[in-house]
Amino acid sequence: MLKKIATADLRLGMHLHALEGPWLAHPFWRTKFVLADTADLSAVHASGVAQCWIDSSKGLDVAQAETPATTAAEPTAPAPLDDLPEPADSVPPPSTSFEEELAQAARLCRKSKLAVQQLFGELRMGKALNAEAFQPLVEELAASVFRNPGALVSLARLKTKDDYSYMHSVAVCALMIALAREAGLGAAACREAGLAGLLHDVGKALMPLDVLNKPGKLTDAEFGVMRSHPERGHAVLLEGGTAGAIALDVCLHHHERIDGGGYPQGLAGDAISPMARMGAICDVYDAISSNRPYKAAWDPADSISKMASWTGHFDATLFAVFVRSLGIYPTGSLVRLRSSRLAVVVKQHPTNLTAPTVKVFFSTRSNLPIPPLKIDLARADANDAITGREPRGDWSATQLDALWAGAALQG
């Protein structure tokens, strides 16, 4: 029987069915499991989530009888993710700083863009796709994310309108690896997710270039052509005969939505695999936070906020994990501080989503620039905090990105 209880009343041996409250406070990417670890129990007690649901038929019950008001039919909860692969091999802990990894990430971005550019060119000439040939590149990209999860993900977001089609594949690859890592998957599964991300948009290589790169709004007919790219890409991967099931699935289904409103098959809920749900989140985030031929990029924090408001679009549990992998204010976000200064987010704190390291550069009190200063907001002596996102206004993206990426922007 499902029962709604105070989170503080949870104890070891209870079957946790679902958590209520703000999705960002949820400490687990999986739900519906028996609490058998004191660390898990401590995590949920410290989460700030006030109430939860237990299933007394699958675990311990509360000591006292519950009133009818606290029992109910099964609550609406995110689709279960139990079919994600269990980690068979561990992901190594971060071993380099964000700043150190940026140089490596910049090199990998350039190398990866050329590889995808060549792939698209070969597909347009009718050559078969050999998915296995991209595994060494994905190994390199995964190694960068493992060394420091923020550097490659942040840098791959920076792209011009001209190289969007190529760099989007690289960025989604990095985002998929980072999301799989945050979800607790093993190293091999992270690399599988990354390969799926790198190949998810190969169907776009077969789209007419005047439609793919059109600077204005697409007509209904042109949009219909573009909507065929998942199926075209899936066919290319099948024909090549070397792509695994995950890459095929993500390629075909990364535009499906949890509420059934996506394409090409209109799948909903559990009919969409967890990896395809991950692909949908990573694809949309990079698309809206990047400069495209027909649209300027949204600020990274604005992108997260807008995606959170799109009811029925994404798997809520995986989206919460995604935000934890990037931060509420992803690197490069423009924010306002309590001190009336503007700052750009430089890097994330490993555990505190609301207290990243920022670089202040402007005072709204004097309306004048100030010498750039890096501040770790998680430190007790910082004496400052983010009060909210700040519209970019007249600030150029290049100017803001230089504050956090520095020399990595060159070349």
Side-chain angles (χ1 to χ4, degrees), residues 7-8 10 19 21-29 37-50 92-102 145-151 153-155 178 181-182 184 299-302 304-305 308 320-391 395 400-406 408:
T7 302
L10 273 175
L19 291 165
W23 49 268
L24 282 175
H26 292 192
F28 307 117
W29 67 277
D37 190 324
T38 55
D40 286 344
L41 184 62
S42 298
V44 73
H45 281 163
S47 68
V49 177
S95 57
T96 63
S97 70
F98 179 85
E99 293 82 2
E100 290 172 328
E101 191 58 35
L102 272 178
V145 174
F146 295 165
R147 287 192 298 267
N148 186 288
V153 163
S154 301
L155 203 58
R181 173 190 175 276
E182 185 70 23
D299 182 86
D302 284 340
I304 290 291
S305 177
V321 181
F322 181 72
V323 174
R324 288 202 294 272
S325 74
L326 285 183
I328 299 173
Y329 305 103
T331 300
S333 300
L334 179 61
V335 295
R336 181 182 290 264
L337 303 184
R338 189 172 57 211
S339 60
S340 299
R341 294 178 292 182
L342 301 186
V344 169
V345 175
V346 172
K347 63 180 178 180
Q348 301 300 312
H349 188 274
T351 58
N352 191 337
L353 295 179
T354 61
T357 296
V358 301
K359 186 175 283 188
V360 297
F361 67 95
F362 190 84
S363 170
T364 60
R365 288 176 179 168
S366 63
N367 202 33
L368 291 171
I370 56 178
L373 176 66
K374 192 181 292 185
I375 303 173
D376 181 353
L377 296 177
R379 288 176 58 95
D381 58 0
N383 296 319
D384 215 339
I386 295 174
T387 58
R389 306 185 308 275
E390 178 71 14
W395 302 106
L400 298 177
D401 292 334
L403 287 168
W404 69 267

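Values in this document were obtained by computation on a predicted structure and should not be read as measured data.
- Heavy atoms only, all atoms of each residue included: Glu182 and Ser325 are closest at CB-CB, 3.9 Å.
- Here Ser339 contributes atom OG and Ile375 contributes atom CD1; the two are 6.5 Å apart, rounded to the nearest 0.5 Å.
- Put simply, NZ on Lys347 and CD on Glu101 are 13.0 Å apart, with the number rounded to the nearest 0.5 Å.
- Between the Ser305 side chain and the Asp302 main chain, no donor and acceptor come within less than 3.5 Å of each other.
- Residues Leu337 and Leu377 have side chains in contact (heavy-atom distance under 4.5 Å, counting atoms from C-beta outward).
- Inter-residue side-chain proximity for Thr331 and Phe98 is flagged as met; some heavy-atom pair is nearer than 4.5 Å.
- Inter-residue side-chain proximity for Val44 and Val49 is flagged as unmet; no heavy-atom pair is nearer than 4.5 Å.
- Between the side chain of Ser363 and the backbone N or O of Leu368 there is no donor-acceptor pair closer than 3.5 Å.
- Here OG of Ser154 is found 7.5 Å from CG of Leu102. Values are rounded to the nearest 0.5 Å.
- Ring planes of Phe361 and Trp395: perpendicular class, angle over 60° (limits at 30 and 60°).
- In this structure, Asp299 contributes its side chain and Ser333 its backbone to no donor-acceptor pair below 3.5 Å.
- Residue pairs meeting the ring pair (Phe, Tyr, Trp, His ring centres under 6.0 Å) criterion with at least one member in residues 328-360, sequence neighbours excluded, do not occur.
- A distance of 9.5 Å separates CZ in Phe362 from CZ in Arg336, rounded to the nearest 0.5 Å.
- Nearest approach of Gly327 to Leu353, heavy atoms of both residues: CA-CD2, 3.9 Å.
- Interatomic distance, Glu390 CD to Thr364 OG1, rounded to the nearest 0.5 Å: 7.5 Å.
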Apply side chain to side chain contact (heavy atoms under 4.5 Å, CB included) to the pair Asn148 and Glu100, showing each step before the final yes or no.
-> CA-CA 9 Å; Asn148 186 288; Glu100 290 172 328; over 6 Å; no
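- Here the CG atom belonging to Leu373 is positioned 6.5 Å from the CZ atom belonging to Arg341, to the nearest 0.5 angstrom.
- Residue Ile328 is tested with Val345, Thr354, Ile386 for a side-chain contact (heavy atoms from CB on, under 4.5 Å); the sole match is Thr354.
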